[in-house]
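Working notes for the structure below.
Only this structure's heavy atoms are used, side chains among them; waters, hydrogens and symmetry mates stay out.
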Amino acid sequence: MIDGHNRYAICQKHGIAFNTTKNTRFTIIEDVMLWMIDNHLGRRSVSDFQRGMLALRKKEIIASRTQAKAGAPAANAEAGADAPPSPSATQAREELAKTAGISSNTVTQIEKIRRAATPELVDAVRAGTISINAAATVASLTPEQQVTAVTGGKKELQLAAKQVREMKSANKPVSMKASNTDTAMRADGDTDSHPYHEKIATLTAENSLLKEKIAELTMALEAAKF
């Protein structure tokens with residue numbers, strides 16, 4: 001039975017006969033899964049995160065079926081240049097976003113969460129404790145650091161996301177234009193007065209401070225285990 005479990009429970013509770021109908025459209029379990037995904041995507045109550053996860057699952061099922069129908073590598077080789085070019089990653093992501101009813105950027109963030117987030121962080125996104133954007137940022141931390149942030153609650157998750165963004169900003173390379181100017185200044189022997197040196201020194205200090213804070217969070221987690 002692929003649908004009607006709520007109606008079945010109601011019928012059981014009130015002693016009503018529950019009749020089922022065989023649907024001949026479904027030949028394999030993947031047909032059922034695709035039907036269920038499309039059914040859920042049609043509901044307004046489904047969150048953006050759930051929509052993205054469902055759309056990604058649909059993509060995997062369709063890709064698996066397409067690969068199975070393609071047959072052995074030798075059969076693919078016989079097709080040669082007549083085979084249609086596969087869509088780019090950007091196009092595929094845009095199509096996926098359209099299917100889910102969300103933005104392409106949101107799909108990218110959900111892909112990162114799905115790939116790198118711990119189960120605890122995923123549950124926090126589902127519960128609405130943290131936004132998709134912030135969760136994708138926190139997912140770049142180690143599993144232990146993610147769990148520590150989730151354990152600390154909403155404020156701790158927001159703080160962790162902020163610290164990761166600041167760290168990434170501090171680690172951004174200086175632009176090519178700035179690097180060329182810096183080289184020219186060094187050639188002239190004027191290095192101490194150049195504004196980029198002051199900025200880099202400040203960012204380096206901030207980066208070290210953020211690393212210390214993350215280390216403290218990790219130590220707090222280890223202490224809590226005992």
Using side-chain heavy atoms (C-beta onward) and a distance below 4.5 Å, is [X] in contact with [Y]?
{"X": "Leu121", "Y": "Leu157", "value": "yes"}
{"X": "Leu141", "Y": "Thr148", "value": "no"}
{"X": "Ile130", "Y": "Gln158", "value": "no"}
{"X": "Ser64", "Y": "Glu30", "value": "no"}

Exam field: side chain [X] to backbone [Y], donor-acceptor pair closer than 3.5 Å:
{"X": "Gln146", "Y": "Thr118", "value": "yes"}
{"X": "Thr108", "Y": "Ser104", "value": "yes"}
{"X": "Ser169", "Y": "Arg165", "value": "no"}

Sidechain N-carboxylate O distance under 4.0 Å for Glu111, Arg114: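 The answer is no: the pair does not qualify as a salt bridge.
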For the student: nearest non-hydrogen atoms of [X] and [Y], plus distance:
{"X": "Ala135", "Y": "Ile113", "answer": "CB-CD1, 3.7 Å"}
{"X": "Glu120", "Y": "Val147", "answer": "OE1-CG2, 3.8 Å"}
{"X": "Ala17", "Y": "Cys11", "answer": "O-SG, 4.1 Å"}
{"X": "Ala161", "Y": "Thr137", "answer": "O-CG2, 3.6 Å"}
{"X": "Leu41", "Y": "Ala100", "answer": "CD2-CA, 4.3 Å"}

Answer with yes or no whether the hydrophobic clustering places [X] together with [Y]; edges join I, L, V, M, F, W, Y residues whose side-chain heavy atoms lie under 4.5 Å apart.
{"X": "Met33", "Y": "Trp35", "result": "yes"}
{"X": "Val46", "Y": "Leu34", "result": "yes"}
{"X": "Met167", "Y": "Leu159", "result": "no"}

Check against side-chain contact (heavy atoms from CB on, under 4.5 Å), Ile37 and Ile61: CA-CA 11 Å; Ile37 289 173; Ile61 295 172; 4.1 Å; yes
What distance separates [X] [atom1] from [Y] [atom2], expressed to the nearest 0.5 Å?
{"X": "Ile62", "Y": "Arg57", "atom1": "CD1", "atom2": "CZ", "value": "11.0 Å"}
{"X": "Glu94", "Y": "Ser103", "atom1": "CD", "atom2": "OG", "value": "11.0 Å"}
{"X": "Thr106", "Y": "Arg51", "atom1": "OG1", "atom2": "CZ", "value": "12.0 Å"}
{"X": "Leu96", "Y": "Ile102", "atom1": "CG", "atom2": "CD1", "value": "7.0 Å"}

Enclosure of Lys112 NZ (heavy-atom neighbours >12, cutoff 6.0 Å):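 Yes.
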Step-by-step side-chain contact (heavy atoms from CB on, under 4.5 Å) determination, Met53 to Ile110: CA-CA 7 Å; Met53 294 289 280; Ile110 293 175; 3.9 Å; yes
